[in-house]
Amino acid sequence: MKKMIVWMGVYDQRSKGKITKSISDLPGIHSSYMDLKEGTLVVMGDVDPVELVRNLRKKWGKAKLTLYVPYDALKEAKIAEAKQKREEIEREALYRYNREIRDIFNDKEEQGCVIC
């Protein structure tokens with residue numbers, strides 16, 4: 001299975017629907033999604049990249065293949081797991097830091113009114 005990123009220059013929801021509809025009839029596409037922030041179409045599957053770009057250029061005229069690499073689901077899962085562990089460690093460190101700060105301020109002997 002291959003992962004292809006095609007730059008489309010499309011940033012609105014209406015065009016996104018038209019693009020996904022136009023590539024839905026191509027054989028070999030396992031999944032696809034549009035990144036509207038970057039204006040790119042990400043396609044995963046065994047579709048011919050030349051046929052994909054040709055089909056998109058017929059309707060949009062400005063499709064450019066920017067990335068064509070093998071897709072490894074296990075590698076992607078390992079990367080996601082490592083990212084999750086790193087975020088968990090950072091969250092735990094922040095929690096410990098906040099707890100220490102809270103303990104420092106709660107250890108004061110005077111717990112009276114600040115104004116009085």
Side-chain angles (χ1 to χ4, degrees):
M1 185 159 42
K2 305 290 183 196
K3 179 178 182 179
M4 294 164 270
I5 298 179
V6 182
W7 181 83
M8 296 296 298
V10 173
Y11 304 98
D12 61 339
Q13 199 68 24
R14 183 176 175 197
S15 299
K16 173 186 171 183
K18 290 180 180 180
I19 289 172
T20 53
K21 186 177 178 182
S22 70
I23 65 165
S24 64
D25 60 345
L26 288 175
I29 296 179
H30 294 284
S31 66
S32 66
Y33 63 91
M34 284 285 300
D35 183 6
L36 293 179
K37 287 183 180 179
E38 305 217 359
T40 58
L41 171 69
V42 179
V43 179
M44 288 177 265
D46 295 323
V47 67
D48 182 26
V50 175
E51 185 65 32
L52 175 70
V53 173
R54 184 183 308 139
N55 189 0
L56 290 169
R57 281 187 182 165
K58 282 181 187 176
K59 299 188 180 189
W60 294 96
K62 53 182 176 179
K64 296 178 185 173
L65 186 66
T66 58
L67 182 69
Y68 180 71
V69 295
Y71 177 73
D72 187 11
L74 294 175
K75 185 177 178 182
E76 295 287 330
K78 286 180 183 179
I79 291 171
E81 184 180 332
K83 182 178 179 184
Q84 184 180 8
K85 284 182 181 179
R86 186 174 57 244
E87 289 175 353
E88 185 178 319
I89 290 170
E90 289 174 357
R91 204 172 324 138
E92 186 177 323
L94 183 62
Y95 174 75
R96 276 189 267 125
Y97 175 76
N98 287 338
R99 190 174 54 198
E100 289 172 5
I101 296 296
R102 199 173 354 161
D103 290 343
I104 290 171
F105 285 110
N106 288 338
D107 286 343
K108 291 184 178 180
E109 293 178 14
E110 297 180 18
Q111 293 289 332
C113 178
V114 176
I115 299 174
C116 300

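Treat the numbers as computed from the prediction; the structure is a model and nothing was measured.
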Visitor: Can you find a pair of side-chain heavy atoms, one from Met1 and one from Pro70, that are under 4.5 Å apart?
Guide: no

Visitor: Mind listing the closest non-hydrogen atom pair of Ser22 and Leu56 along with its distance?
Guide: OG-CD2, 4.1 Å

Visitor: So which heavy atom on Ile23 is nearest to which on Ser32, and how close?
Guide: CD1-OG, 3.8 Å

Visitor: Nearest 0.5 Å, please: how far is CZ in Arg14 from NZ in Lys18?
Guide: 4.0 Å

Visitor: Starting at OG1 of Thr66, measure out to CD1 of Ile5 and round the result to the nearest 0.5 Å.
Guide: 5.5 Å

Visitor: Measuring from Lys16:NZ to Tyr11:OH, what's the distance to the nearest 0.5 Å?
Guide: 14.5 Å

Visitor: Shortest non-hydrogen contact from Leu36 to Val10?
Guide: CD2-O, 4.0 Å

Visitor: Is there a path of hydrophobic side-chain contacts, each under 4.5 Å between heavy atoms of I, L, V, M, F, W or Y residues, that connects Leu26 with Val43?
Guide: yes

Visitor: Please tell me whether Leu41 and Met44 are part of a single hydrophobic cluster in this structure, the criterion being side-chain heavy atoms less than 4.5 Å apart.
Guide: no

Visitor: Could Arg54 and Glu51 be called an ion pair, given the rule that one side-chain N must be under 4.0 Å from one carboxylate O?
Guide: yes

Visitor: Roughly how far, to the nearest 0.5 Å, is CG of Leu65 from CZ of Arg57?
Guide: 9.0 Å

Visitor: Report the C-alpha separation of Ile19 and Lys59 in whole Å, then their side-chain angles, then the decisive distance to 0.1 Å, and conclude whether the side chain to side chain contact (heavy atoms under 4.5 Å, CB included) test is met.
Guide: CA-CA 8 Å; Ile19 289 172; Lys59 299 188 180 189; over 6 Å; no

Visitor: Kindly give the heavy-atom pair with the smallest separation between Tyr68 and Pro49, and that separation in Å.
Guide: CE1-CG, 3.6 Å

Visitor: Of all heavy-atom pairs between Ala63 and Val6, which one has the smallest distance, and what is that distance?
Guide: CB-CG1, 3.9 Å

Visitor: Hydrophobic clustering (ILVMFWY, side-chain heavy atoms < 4.5 Å, transitive) - are Val42 and Val69 grouped together?
Guide: yes

Visitor: Can you establish whether the number of heavy atoms outside Gln84 located under 6.0 Å from its atom CD is more than 12?
Guide: no

Visitor: Under a 4.5 Å cut-off applied to non-hydrogen side-chain atoms, are Lys2 and Val47 in contact?
Guide: no

Visitor: Are Trp60 and Ile29 joined in one hydrophobic group, where the rule is that I, L, V, M, F, W and Y side chains link up if heavy atoms are under 4.5 Å apart?
Guide: yes

Visitor: Taking OH in Tyr33 as the centre, count heavy atoms belonging to other residues, nucleotides or ligands within less than 6.0 Å. Is the count above 12?
Guide: no

